[in-house]
> 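Just dropping this structure here.
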Amino acid sequence: MSAEPIRNARGTRDFLPSDLVLVQHLERTAQAVAKSACYQEIRTPLFEETRLFQRSLGETSDVVAKEMFTVPKRVEPGASPNAGQDGYTFRPEGTASAARAYIQGGFAAHAPLQKWFYIGPMFRYERPQKGRERQFTQFGVEAFGVQSPELDAEVVSLALDFFLRLGFGEELQVRINSMGDPADRHRWSAKLKEFFQPQVDVPDSPRCADCVQRFQRNVFRLLDCKVPRCIELNQGAPDLFALMGEEALQHHHRFAQALSNLGHQPVEDRSIVRGLDYYTRTVFELHYPPLGSRSALCGGGRYDGLVAEMGGRPTPAVGFSIGFTPTELALAELKLPPAADLADLHAQLAPQIYLVAIAEEDRADVLRLTHRLRQHGWRCSCDYRQKSAKAQFKEAAKSKAILALVLGAEERAADQVVVKDLRLQEEQRVEISALPALLAQLLA
RNA sequence: GUGGGUGUAGCUCAGUUGGUUAGAGCACCAGAUUGUGGUUCUGGGGGUCGGGGGUUCGAGUCCCCUUACCCACCCCA
């Protein structure tokens, strides 16, 4: 049996100790931003009933149509489970689960206003490429129970704050649009189909092949096609804003106003059309133009219909999600964050104290002392490979420890220990009883 | 799902028009006289050259297939 080594599954990543430094920094930044605005953390299961996503994201969305990690509910021999309809699916995004938890928790009745955030892995069965993985981490925020456009602006400002704290500059751009209310959307959809029909429904369509496809699945997407010819053909297409109801229009204006009130002049961008069904009114994206083609950092919007659609009381809501992977890519390109921001996390990878046993007979005492110091809260390490004293000092240096404690026959006889500062190469011999105080001073 | 690129030690790569036991740097391990470090020196472990088939006297080096990864499209975080 020639055992071929098993590798990580396609589209997944190992986060090794040094990789985690950045990730942990992203996590704590996200938490700090969210908590500063009194958003509370939630953790929902990594998998849900498949129906949850079919209902919330829409059967025609790409995510549901071809990117779901679905497993059958039961795998009994002989049974023929229908995973597609009656199975579990690893969550491809966080909003559906949050809405489900909101409904299930009965918040509409006793505490309709809920501001939540989450950080965790999401799964999509896609072909991996740069900035896109099958398992990825998202930071998301969802605020339930308020339909005021000022809340939309608050949510956007959280996303902005996240990137600003990571070191992004003032070039950060908020692009906004509105999807109107469902009735507006239906009218618009009909008008669009009417408008595009002649372009698509002919043997030799002037539109690109993708657009012909999109026409069936999601007409809105024709609008953000990048093919030059298609862009031309989009001239004169029906404008949603001309069909939108007064309330939705007002909402959008107040949203834009609230944003500029917070100091973020938004950019109107009619091509922003989120791919998931549940969005209503506000949709937005954060961009960082210096990044060029990969400038999109965050996407979000309002989904006033989702909770009711899923069987809860009608509850307005708004949120966003930020992918860690694109964020990491952007940070790398921008040479961010500054090393100082990560210094503490890096430092935690190294021991503070490395204990050296001069001879074999000293090892037992070294282990005892190591154990004691750990209980005091110091990060301590020592050798378990019978290395020579010399090699232990090498090990101590390599480990980036700050101090070395040396225990030999002389020290043990006198109840003392040598404390060596590896940065200054200075050492002193002290009574064991005085050790905690000295360490506290040296490692402050 | 479609198209393109790549695949030599843990990592970064050399390997001349196919030629004999496949190399380097870094990393790792051990030493350089007796209780002390990141420099230096010496030695050592580690590769069925992604896998399979073919051409050839002979292939890491050419051809085919396959697989993994990467990149782009689609879509999106």
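Quick note on labels: first sequence line is chain A, next is B, and so on, each numbered from 1.
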> Please determine, for the side chain of Lys394(A), which listed nucleotide (G37(B), G35(B), U36(B)) has the closest atom?
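For Lys394(A), the side-chain atoms sit closest to G37(B).
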> Would you mind reading off the distance between Lys420(A) atom NZ and U36(B) atom P, rounded to a whole angstrom?
9 Å
> What distance, rounded to whole Å, do you find between the two P atoms, one in G46(B) and one in C63(B)?
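It works out to 33 Å between them.
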> With the six-membered base ring of A77(B) as reference, does the ring of Phe324(A) sit under 5.5 Å away with planes under 30° apart?
no
> Arg423(A) side chain N/O closer than 4.0 Å to the phosphate oxygens (OP1, OP2) of G37(B)?
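Arg423(A) to G37(B) OP1/OP2: no side-chain N or O under 4.0 Å.
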> Atom CZ of Arg134(A) and atom P of C69(B): how far apart are they, to the nearest Å?
8 Å
> Name the pairing partner of U6(B), where a pair is Watson-Crick or G-U wobble with both distances under 3.5 Å, or state none.
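Partner of U6(B): A68(B).
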> Considering only G37(B), U36(B), A77(B), which nucleotide approaches the side chain of Val406(A) most closely?
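Of all the options, the side chain of Val406(A) is nearest to U36(B).
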> Closer than 4.0 angstrom, basic N to acidic O: yes or no for Arg28(A) and Asp344(A)?
yes
> So if I take every side-chain heavy atom of Val418(A) and compare against C75(B), G35(B), C29(B), which nucleotide ends up nearest?
G35(B)
> If pairing requires Watson-Crick or G-U wobble contacts with both distances under 3.5 Å, which nucleotide is the partner of G35(B)?
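Pair assignment: G35(B) / none.
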> Any carboxylate oxygen within less than 4.0 angstrom of a Lys/Arg side-chain nitrogen, looking at Glu49(A) and Arg100(A)?
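No, no charged N to carboxylate O under 4.0 Å.
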> Using the P atom as the reference point in each nucleotide, state the distance between G19(B) and C62(B) in Å, no decimals.
11 Å
> Provide the distance between the two P atoms, one in G51(B) and one in U67(B), to the nearest whole Å.
15 Å
> For G23(B) and G58(B), measure between their P atoms and round to the nearest Å.
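The answer is 23 Å between these two P atoms.
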> Across all strands shown, which nucleotide pairs with C73(B) by Watson-Crick or G-U wobble geometry, both distances under 3.5 Å?
G1(B)
> Do the side chain of Asp239(A) and the main chain of Phe241(A) share a donor and acceptor less than 3.5 angstrom apart?
yes
> To the side chain of Arg127(A), which of A77(B), C29(B), C70(B) is closest?
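Selected nucleotide (nearest to the side chain): C70(B).
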> Quick one: which of U36(B), C75(B), C29(B) gets closest to the side chain of Glu67(A)?
C75(B)
> From the list C75(B), G35(B), G1(B), which nucleotide is the closest neighbour of the side chain of Arg132(A)?
C75(B)
> When you measure from the side chain of Ala397(A), which nucleotide among G37(B), C74(B), A77(B) comes out closest?
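Nucleotide nearest to Ala397(A)'s side chain: G37(B).
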> Taking the same atom, C1', in G15(B) and in C49(B), what whole-Å distance lies between them?
10 Å
> Determine: side-chain N/O of Arg221(A) to OP1/OP2 of C76(B), distance under 4.0 Å, yes or no.
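For Arg221(A), the contact criterion (side-chain N or O under 4.0 Å from OP1 or OP2 of C76(B)) is met.
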> Is there a side-chain contact between Lys398(A) and the phosphate of C28(B), meaning an N or O under 4.0 Å from OP1 or OP2?
yes
> Expressed in angstrom and rounded to an integer, what is the separation of Gln416(A) atom CD from G35(B) atom P?
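Whole-Å distance recorded here is 19 Å.
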> Find the distance Phe393(A):CZ to U36(B):C1' and express it as a whole number of Å.
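Taking CZ of Phe393(A) and C1' of U36(B), I get 4 Å after rounding.
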> Considering every strand and a 4.0 Å limit on heavy-atom distances, what is the contact class for Glu328(A): base, sugar-phosphate, or nothing?
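The answer is nothing, as Glu328(A) stays clear of every strand by at least 4.0 Å.
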> Give a yes or no answer on whether the side chain of Arg214(A) reaches the backbone of Leu222(A) with a donor-acceptor pair at less than 3.5 Å.
no
> So, OP1 or OP2 of A72(B): does either fall under 4.0 Å of a side-chain N or O from Arg294(A)?
yes
> In whole angstroms, how far is the P atom of A77(B) from the CD atom of Gln135(A)?
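The answer, rounded to whole Å, is 17 Å.
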> Does Arg10(A) have a side-chain nitrogen or oxygen under 4.0 Å from the phosphate oxygens OP1 or OP2 of C69(B)?
yes
> Within the 4.0 Å heavy-atom criterion, would you say Gly131(A) contacts the bases, only the backbone, or no part of the nucleic acid?
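The answer is base, as Gly131(A) lies within the cut-off (heavy atoms under 4.0 Å) of a base atom.
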> Provide the distance between the two P atoms, one in C41(B) and one in C26(B), to the nearest whole Å.
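C41(B) and C26(B) have their P atoms separated by 9 Å.
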> For the pair made of CZ in Arg7(A) and C1' in C69(B), what is the distance, rounded to whole Å?
7 Å
> Would you say Lys390(A) places a side-chain N or O within less than 4.0 Å of OP1 or OP2 belonging to U34(B)?
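No, no such contact exists.
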> Does the side chain of Gln173(A) come under 3.5 Å of the side chain of Arg175(A) through a donor N or O and an acceptor N or O?
yes
> Given the P atoms of G18(B) and G44(B), what is the spacing between them in whole Å?
34 Å
> Could you give the distance separating U66(B) and G4(B) at their P atoms, to the nearest angstrom?
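Here G4(B) and U66(B) have their P atoms 13 Å from each other.
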> Side-chain N or O of Arg385(A) versus OP1/OP2 of A30(B): is the shortest distance under 4.0 Å?
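So the side-chain polar atoms of Arg385(A) never come under 4.0 Å of the phosphate oxygens OP1 or OP2 of A30(B).
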> State whether Arg429(A) and Glu410(A) are salt-bridged, where the test is any N-O pair (Lys NZ or Arg NE/NH1/NH2 against Asp/Glu carboxylate O) under 4.0 Å.
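Yes.
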> Please check: side-chain N/O of Thr327(A) versus main-chain N/O of Gly323(A), any donor-acceptor pairing under 3.5 Å?
yes
> Should G18(B) form a Watson-Crick or G-U wobble pair with both distances under 3.5 Å, which nucleotide is its partner?
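Across all strands, not a single nucleotide pairs with G18(B).
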> At under 4.0 Å between heavy atoms, what does Leu422(A) touch on the DNA or RNA strands: base, sugar-phosphate, or nothing?
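Leu422(A): base contact, heavy atoms under 4.0 Å.
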> Pick base, sugar-phosphate or nothing for Glu93(A), based on heavy-atom distances below 4.0 Å to the nucleic acid.
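Answer is nothing: Glu93(A) stays at 4.0 Å or more from every strand.
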> CZ of Phe47(A): more than 12 outside heavy atoms within 6.0 angstrom?
no
> Between A30(B) atom P and Gln392(A) atom CD, what is the distance in whole Å?
11 Å
> Using purine N1 to pyrimidine N3 plus N6-O4 or O6-N4 for Watson-Crick, or N1-O2 and O6-N3 for G-U wobble, both under 3.5 Å, which nucleotide pairs with U42(B)?
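Its partner is A30(B) (Watson-Crick or G-U wobble, both distances under 3.5 Å).
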> Students often mix this up, so state it plainly: with edges at 30° and 60°, are the rings of Phe139(A) and Phe117(A) parallel, tilted or perpendicular?
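Perpendicular.
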> Return the nearest nucleotide to the side chain of Gln129(A); candidates are G35(B), C74(B), G37(B).
C74(B)
> If you go through the side-chain atoms of Glu427(A), does one of them form a donor-acceptor pair with the base of U36(B) closer than 3.5 Å?
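Indeed, a donor on one side and an acceptor on the other fall under 3.5 Å apart.
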> With hydrogens left out and only the distance checked, is there a donor-acceptor pair under 3.5 Å joining Glu285(A)'s side chain and the base of A77(B)?
no
> Arg13(A) has an atom CZ; how far is it from atom C1' of A68(B), in whole Å?
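Interatomic distance, CZ of Arg13(A) to C1' of A68(B): 18 Å.
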